[in-house]
Every structure is written in structure tokens, then in C-alpha cells.
Amino acid sequence: MSLIALRERSRVPTATEIDQIPWLSQLSAAHQSLALRSLRVVQADVGEQVCRIGRPASYWFGVIDGLLKMSSDNIMGTPITFTGVPPGAWFGEGTLLKGEPYRYNIEALRRTLVAGVPVEVFHDLLEQSLPFNRFVLNQLNERLGQFIAAREIDRINDPDSRVARNLSALFHPVLYPGVGEVLRITQQELGYLVGLSRQRVNEALKVLQARALIRIEYGGLRVLDLAGLRCYGSPGS
DNA sequence: TCATTAAATTGTT
DNA sequence: AACAATTTAATGA
């Protein structure tokens, strides 16, 4: 796997791309321009890594368009924990705050446009902007809940439930505001994410559609009942 | 704008 | 894993 070279391949984002950054509009004009001065975007091709475990954390990353996969290596060397990173998501603040190297790998599931803010600017904003602090704090808090849910998902062995829970995580409205009611993800990509074959994902999606939780669309799907997905397969339902 | 072709994605075995 | 059917994207008149 090749690590992406942000320094060389990056460019300045366009206006429409900037619109996909959820925290920018909450900042004061001065801080917006501070962020925009250093904001860069780069296109990651399938299989390319945005960041790698052990590398020094130099950027705060966000997804403009596309889909990334976050995988956390085990000590044994077997990659275990997977999480999807859809448009509107920003990540890395935890490691940036602690000044540690990255503790997970991020790789592109499909061609993805990634934005990056240098670590110095991230810290400047953290010191100077209250709205920025709110965003980061909220982000950390919400993600804590995500990880707890992820532990439970890993224990589930029923494929239909796994797919349902993973989908509900991807549609998280606070962490991933860029995801509307339609998520652009192919069944193949969902398979890589959940750890199932494409065929099995296809079966699971049809079950979920039959229960009116989602609607399958070409190259993606639409969520009809997010709450229903979230507790699918649990004793309550 | 429309018709044709290629590529991507899905449904099925 | 392989194949056919379907949808989208690209191309050119």
C-alpha cells in the first residue's frame, strides 16, 4: 500500500469543496480565512493510505467526497477494527491533541477527495476559536459512543444485524453531516467494511429493504428508518 | 439533445 | 467465483 504524498499532490480546494466542510461556517471570518489559507485537498485513489500507524501526526483530515476505511492494527498484526469514514467526517484530533503518532490506518475504499489542515493551524484554531473547540469537543464525545457501539457490533455474528448496525453508524448525523439520507456506497465496498462477501451483503440489504428500513439504489442506498437500523436484531425488536 | 458504447454495479447461481 | 442483467457515464454526431 502506498502512502499518499499530501505535500506534492495537494491543491487548493474549490468553493463547492469548501462547502462540504461542516465546521468552517461556524467560525468567525478571521478564523475562516486562517483555516482557508492552509487548507489543502488531495485525491486518494483506491487502496492508497491517507495516514499510517506510527507515522507522526501532521494533519487533521476530513473527507470531502468518497469513502475511507479506518482500520486499527492489533499487536498480533491482524487488522481488526474497521470503521467507515464517509463525507463530512473529520478525524485525527485525538492524536493531534496528544502529540502522538497516528494509531490507525486510513485507506481509500474508492477514489476519495481528502482535505487536510496542518497541525500548527489546528492548534492555533483550538487556542483562538471557541466555536472550533465546540466542534472538536462534540466530535470527541460522539465518537466515544461510536466506539462503544463498534465493540458490540464486533460480537454480533448474524450478518444481517452486522450490516444494519454498521449502516446506522455510517449515517450518524453529528459525526457525518455530509451523509444525507442517501449514502453513496456500493455493496462491494460495504462488504469490505463489514467483513462479508458482496453476495451476503446483497442478501442482508434485501432483508433490510423488506423490513422498510432502507431502500436499495444503484451505487448506494437510502435510509428510511435510522432508529430501526440502530436496534436491529436486539431484544427490543 | 440524442444515440451508441463502455464501464460500473447489481442480482443470481 | 462466475455470469447475465441493469444502470450510469462517456463519447460523438
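Order of the sequence lines fixes the chain letters, A, B, ..., with proteins taken first and strands second; residue numbering starts at 1 for each chain. Hydrogens, waters and symmetry mates are skipped; everything else that's a heavy atom, side chains included, is used.
Every residue two or more places apart in sequence or in another chain that forms a salt bridge (charged side-chain N to carboxylate O under 4.0 Å, His left out) with R111(A) is listed here: D45(A). The salt bridge (charged side-chain N to carboxylate O under 4.0 Å, His left out) test applied to R162(A) returns no partner, not counting sequence neighbours. Residues passing the side-chain hydrogen bond (donor to acceptor under 3.5 Å, both in side chains) test with T16(A), sequence neighbours excluded: T14(A). Under the side-chain hydrogen bond (donor to acceptor under 3.5 Å, both in side chains) criterion, E142(A) pairs with H172(A), not counting sequence neighbours. With sequence neighbours excluded, the residues satisfying side-chain hydrogen bond (donor to acceptor under 3.5 Å, both in side chains) with S161(A) are D158(A). The side-chain hydrogen bond (donor to acceptor under 3.5 Å, both in side chains) search around D160(A) returns R200(A), not counting sequence neighbours.
Comparing the local axis fitted to the first five base pairs of the helix from dT1(B)-dA13(C) to dT13(B)-dA1(C) with the one fitted to its last five gives a bend of 10°, rounded to 10°.
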Show me the donor-acceptor pairs, under 3.5 Å and distance only, between side chains in residues 188-195 of chain A and residues at least two apart or in other chains.
from, atom 1, to, atom 2, distance (Å)
E189(A), OE1, R110(A), NH1, 2.6
E189(A), OE1, T186(A), N, 2.9
E189(A), OE1, T186(A), OG1, 3.4
E189(A), OE2, R110(A), NH1, 3.1

Please report, to 0.1 Å, the donor-acceptor pairs under 3.5 Å made by any side chain of residues 145-153 of chain A, with sequence neighbours excluded.
none

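V179(A) and L208(A) fall within a single hydrophobic cluster, where Ile, Leu, Val, Met, Phe, Trp and Tyr are joined by side-chain heavy atoms under 4.5 Å apart, directly or via other members.
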Return the polar atom pairs (N/O with N/O) between nucleotides 4-10 of chain C and the protein under 3.5 Å, or none.
from, atom 1, to, atom 2, distance (Å)
dT7(C), O2, Y218(A), OH, 3.1

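Applying the side-chain hydrogen bond (donor to acceptor under 3.5 Å, both in side chains) definition to pairs two or more places apart or across chains, those involving residues 122-139 of chain A are H31(A)-Q128(A).
Taking every nucleotide of DNA chain B with any atom under 4.0 Å from a non-hydrogen atom of chain A, the first and last of them, 5' to 3', are dA8(B) to dT13(B).
Positionally, the nearest nucleotide of DNA chain B for I185(A) lies more toward the 5' end than for the other of E203(A) and I185(A).
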